[in-house]
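Numbers here simply count residues along the sequence, with the first being 1.
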Amino acid sequence: MNLSNMFKKTKDNYIPLKGEDSSRRAGEEIKPEVPEGLVRRCNKCGKAILTDEVKSNSYICPKCGGYFRMPAYRRINMIVEPDSFEEWDTGMQTANPLQYKGYVEKISSLRGKTGLDEAVITGKAKIGRHEVVLAVMDGRFLMASMGEVVGEKITRAVERATQERLPVIIFTCSGGARMQEGLTSLMQMAKTSAALKRHSDQGLLYITVLTDPTTGGVTASFAMLGDIILAEPKALVGFAGPRVIEQTIGQKLPKGFQRSEFLLEHGIIDAIVPRNEMKEKLTTLLNHHVNRRIVGSSEEKINSPKRTNENLSAWDRVTLSRRQDRPVGFDYVQNLFADFVELHGDRHCSDDQAIIGGIATFRGMPVTVIAQAKGKNTKENIARNFGMPSPEGYRKALRLMKQAEKFHRPVICFVDTPGAFCGLEAEERGQGEAIARNLYEMSTLKTPILSLVIGEGGSGGALAMATADEVWMMENSVYSILSPEGYAAILWKDSKRAKEAAQVMKMTAADLEAAGFVERVFAEPGEFTEETLPQITSEIGEQIAVFLRNYCNMPKEVLLEKRYQRFRNM
């Protein structure tokens, strides 16, 4: 059987094959000349595909890689351990609050057709070695719209997860609030959100996975409240649907609008995860939320080796701190930590690539890692704005720090920036407020914070990630009120006196250690590049281990008072 001959295609529509009804309306689906269910047409690439092949390929088109909507039970089987799923709250029925004509009969018909009680399945299962509470929505049931039963089942699942102290994972797929239930449906938005707030207040993990489509009242409630928000590729996600928006504003929307990739770019979600990688990603994230401590003495001390190039001038060190081949933040992350999962976005408007952050493990202990990120070539530097964060970058960093506080993970920051971005748009979006907010919140963050200046530590843009329990520096890094060029221009009206300014500013690691602004300085290899970085990460790692043993065992009130006094005495 030649599947490619089952459909013929024009530029805009499919046309009937010989013997088919040619009077059908444009856009109506053509029935292939095969037994129903054996073959279907991909609604993305238009090619004929075997239904069984699609099902065995995780409901992904084998021709174009497009995603089909996945039945809830099939999705559950794909991500949980065999025979571990225990379904909850079956058989619940709507009260038809509007007495909407034909609604009860429609629900009954869908139950028979889909084998589902309602548009969401809830229960408990294992993913890897972790028990979790699951809620999985199924678009075959009234487009998984949220009525009373859907809201009630999700709320009960979250409440039970709170009682049993379990993480919650919800796979969303919905057309939004269920019109046939009126205001009762709308109230489910508040009910589910309130239950999730109680769950969060207990320090418990909530992950949402957005699938195609997730819209309306579901988007505006539990779908967007995850501690971590994942999405499948190219999923439609938005509050108002594209057609409604176009009709309202009278404009054509850009290609890719409201798709997962659009949300990632605009800072709304943490990551896009292919369907066949979802179980592995969820397992890694669950592993990162098991509290572990680094064993060993908490008072251990390690002496740093003798530093090299002690006769370099301040300006020489400024030059070295700016070298293009110097290791950047992500190099340290790769060399010091395992299982790093990058999380994206400030949850408001953007994902600033000048700051990267996420969750990793350090010698088996979950940590939050945040780095100001320069590029390794011109193209990367342009993408990362030469390591100069915008307000969204600082807000992303703070979001990850607050998440670390909730889950009792220490925070480790890598500082390397000429300074915060000072463009027009940064001022419009509140650069000063974003930096101030970081200083304010970091001063009382109830988890240890360690900052390491690895290159340039420029002004408030650096301090916004260095309001820490301890600040360390690499031997040829610098940390100052602003650049030597700016200092000379302001005080002496001559930026060409930058070399002289660097000496006056006392901005080198040695100067700042002697003055008590930093606690430790690490020697660098003679030629310090990405290739030679591993020569010193062993020592850095040992010192991080000592820091974590000291500070993670410290009572919270002692930790916060010690941090306060560190800055109070400066």
Participant: Counting only heavy atoms not in K556, do more than 12 fall under 6.0 Å of its NZ?
Facilitator: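 Check passes, neighbour count above 12.
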Participant: What do the steps show when you test R347 against D270 for salt bridge (charged side-chain N to carboxylate O under 4.0 Å, His left out), and what is the final call?
Facilitator: CA-CA 9 Å; R347 287 285 199 273; D270 285 294; 3.0 Å; yes
Participant: E530: which residues meet the side-chain hydrogen bond (donor to acceptor under 3.5 Å, both in side chains) condition with it, sequence neighbours left out?
Facilitator: K376
Participant: When you measure from the side chain of Y332 to the backbone of T537, do you find a donor-acceptor pair of N or O atoms at a distance under 3.5 Å?
Facilitator: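 No; zero donor-acceptor contacts below 3.5 Å.
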Participant: Report all side-chain donor-acceptor pairs from residues 558-565 shorter than 3.5 Å, counting only partners two or more places apart or in another chain.
Facilitator:
| unit_1 | atom_1 | unit_2 | atom_2 | d |
| --- | --- | --- | --- | --- |
| E561 | OE2 | Q565 | NE2 | 2.8 |
| K562 | NZ | Y551 | OH | 2.8 |
| R563 | NE | D469 | OD1 | 2.8 |
| R563 | NH1 | M442 | O | 2.8 |
| R563 | NH1 | L445 | O | 2.8 |
| R563 | NH2 | L445 | O | 3.1 |
| R563 | NH2 | T447 | O | 2.9 |
| R563 | NH2 | D469 | OD1 | 3.3 |
| R563 | NH2 | D469 | OD2 | 3.2 |

Participant: So do P233 and E261 actually touch side chain to side chain, heavy atoms under 4.5 Å?
Facilitator: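 They are in side-chain contact.
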Participant: Could you measure the distance from the CG atom of L533 to the CG atom of L336? Nearest 0.5 Å is fine.
Facilitator: 7.0 Å
Participant: Do S321 side-chain atoms and V478 backbone N/O form a donor-acceptor pair below 3.5 Å?
Facilitator: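 Pair absent, no side-chain N/O of S321 close to backbone of V478.
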Participant: Whether the side chain of T284 engages the backbone of E280 through a donor-acceptor N/O pair (distance < 3.5 Å, no angle test) should be reported.
Facilitator: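 A pair under 3.5 Å: yes.
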Participant: For E531, check side-chain hydrogen bond (donor to acceptor under 3.5 Å, both in side chains) against everything at least two apart and list the hits.
Facilitator: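 T529.
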Participant: Counting only heavy atoms not in K506, do more than 12 sit closer than 6.0 Å to its NZ atom?
Facilitator: no
Participant: Do L343 and I359 have side chains that approach each other closer than 4.5 Å (heavy atoms only, starting at C-beta)?
Facilitator: yes
Participant: So, taking the atom named CG in L253 and the one named CD1 in I245, what distance separates them when rounded to the nearest 0.5 Å?
Facilitator: 5.5 Å
Participant: So do E539 and F522 actually touch side chain to side chain, heavy atoms under 4.5 Å?
Facilitator: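 A side-chain contact exists here, since the closest heavy-atom pair is under 4.5 Å.
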Participant: Judged by atom type as modelled, is there a donor-acceptor pair below 3.5 Å linking the side chain of E441 to the main-chain atoms of M401?
Facilitator: no
Participant: How about C45 and C61: do any of their side-chain heavy atoms sit closer than 4.5 Å?
Facilitator: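 SC-SC contact between C45 and C61 confirmed.
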Participant: Strictly distance-based, threshold 3.5 Å: is any side-chain N or O of E527 a donor or acceptor partner for the main-chain N or O of T532?
Facilitator: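 A pair under 3.5 Å: no.
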Participant: Does some side-chain heavy atom of F567 sit less than 4.5 Å from a side-chain heavy atom of L439?
Facilitator: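 Result no, sub-4.5 Å side-chain heavy-atom pair not found.
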Participant: Got a second to check how far I454's CD1 is from W472's CH2, nearest 0.5 Å?
Facilitator: 14.0 Å
Participant: Which residues satisfy the side-chain contact (heavy atoms from CB on, under 4.5 Å) test with D212, sequence neighbours excluded?
Facilitator: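 For D212, the residues satisfying side-chain contact (heavy atoms from CB on, under 4.5 Å) (neighbours in sequence not counted) are R69, A235, L236, R259.
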Participant: Could you check whether any side-chain heavy atom of F262 comes within less than 4.5 Å of a side-chain heavy atom of I268, counting everything from C-beta outward?
Facilitator: no
Participant: List the steps and the verdict of salt bridge (charged side-chain N to carboxylate O under 4.0 Å, His left out) for D325 and R323.
Facilitator: CA-CA 6 Å; D325 60 351; R323 275 185 58 154; 2.6 Å; yes
Participant: Using side-chain contact (heavy atoms from CB on, under 4.5 Å), reason through I269 and V237 one step at a time and then give a plain yes or no.
Facilitator: CA-CA 10 Å; I269 63 176; V237 182; over 6 Å; no
Participant: Give the minimum heavy-atom separation between M474 and A523, together with the two atoms involved.
Facilitator: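 Of all heavy-atom pairs spanning M474 and A523, the closest is CE-O, 4.3 Å.
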Participant: Determine whether a donor-acceptor pair (N or O, by modelled atom type, separation under 3.5 Å) exists between the side chain of H199 and the backbone of L166.
Facilitator: yes
Participant: Test E485 against every option in R497, R322, K499 by the salt bridge (charged side-chain N to carboxylate O under 4.0 Å, His left out) rule and name the one that passes.
Facilitator: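 Result: among R497, R322, K499, R322 is the only option passing the salt bridge (charged side-chain N to carboxylate O under 4.0 Å, His left out) with E485.
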Participant: Answer yes or no: is there a side-chain heavy-atom contact under 4.5 Å between K234 and K44?
Facilitator: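 SC-SC contact between K234 and K44 ruled out.
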Participant: Excluding sequence neighbours, so at least two apart, what forms ring-ring contact (aromatic ring centres under 6.0 Å, His included) with F362?
Facilitator: F337
Participant: Would a distance-only check, ignoring hydrogens and angles, find a side-chain to backbone donor-acceptor pair under 3.5 Å from S459 to I481?
Facilitator: yes
Participant: Is it the case that the side chain of T208 and the backbone of I229 share a donor-acceptor pair, with hydrogens and angles ignored and the cut-off at 3.5 Å?
Facilitator: no
Participant: What are the two closest heavy atoms between P448 and F547, and how far apart are they?
Facilitator: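 Heavy atoms of P448 and F547 come nearest at CB-CE2, 4.1 Å.
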Participant: By ring-ring contact (aromatic ring centres under 6.0 Å, His included), which residues pair with Y479, not counting sequence neighbours?
Facilitator: none
Participant: Residues in salt bridge (Lys or Arg N to Asp or Glu O under 4.0 Å) with R75, at least two apart?
Facilitator: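 Once residues adjacent in sequence are excluded, the partners of R75 under the salt bridge (Lys or Arg N to Asp or Glu O under 4.0 Å) criterion are E232.
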Participant: Closest heavy-atom contact between G358 and L400?
Facilitator: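 Result for this residue pair: N-CD1, 3.9 Å.
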Participant: Using side-chain heavy atoms (C-beta onward) and a distance below 4.5 Å, is I356 in contact with R384?
Facilitator: yes
Participant: Determine yes or no for a side-chain-to-main-chain donor-acceptor pair under 3.5 angstrom, with T361 supplying the side chain and R363 the backbone.
Facilitator: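 No; judged by distance alone, with no hydrogens or angles, the pair does not exist.
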Participant: More than 12 foreign heavy atoms under 6.0 Å from CZ of F239: is that the case here?
Facilitator: no
Participant: Are the side chain of E81 and the backbone N or O of G128 linked by a donor-acceptor pair below 3.5 Å?
Facilitator: yes
Participant: So, for K279 and M78, which heavy atoms are closest and what is the spacing to 0.1 Å?
Facilitator: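 The answer is CD-O, 3.9 Å.
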Participant: Let me confirm one number: the NZ-NE2 distance from K396 to H344, rounded to the nearest 0.5 Å.
Facilitator: 7.0 Å
Participant: Mind checking the CG-CG spacing from D316 to N311? Nearest 0.5 Å is all I need.
Facilitator: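 Here the interatomic distance stands at 10.5 Å.
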Participant: Using side-chain contact (heavy atoms from CB on, under 4.5 Å) as the criterion, list what pairs up with R566, not counting sequence neighbours.
Facilitator: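 R566: side-chain contact (heavy atoms from CB on, under 4.5 Å) contacts with V471, E519, M570.
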Participant: Could you pull out all residues at least two apart from H289 that satisfy side-chain hydrogen bond (donor to acceptor under 3.5 Å, both in side chains)?
Facilitator: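 Listed in chain order: R409.
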Participant: Mind checking what makes side-chain hydrogen bond (donor to acceptor under 3.5 Å, both in side chains) contact with N276, not counting sequence neighbours?
Facilitator: none
Participant: Within this structure, what is the NZ-CG distance for the pair K493 and L491, rounded to the nearest 0.5 Å?
Facilitator: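 The CG atom of L491 is 7.5 Å from NZ of K493, to the nearest 0.5 Å.
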Participant: Give the minimum heavy-atom separation between M465 and I370, together with the two atoms involved.
Facilitator: CE-CG2, 3.6 Å
Participant: Please set out all donor-acceptor pairs under 3.5 angstrom arising from side-chain atoms of residues 416-430, sequence neighbours excluded.
Facilitator:
| unit_1 | atom_1 | unit_2 | atom_2 | d |
| --- | --- | --- | --- | --- |
| D416 | OD1 | K374 | NZ | 3.2 |
| D416 | OD1 | E456 | N | 2.9 |
| T417 | OG1 | G387 | O | 2.7 |
| T417 | OG1 | G419 | N | 3.0 |
| T417 | OG1 | G419 | O | 3.0 |
| R429 | NE | E392 | OE1 | 3.3 |
| R429 | NE | E392 | OE2 | 2.3 |
| R429 | NH2 | E392 | OE1 | 3.2 |

Participant: Got a sec, which residues hit salt bridge (Lys or Arg N to Asp or Glu O under 4.0 Å) with E470, two or more places apart in sequence or on another chain?
Facilitator: none
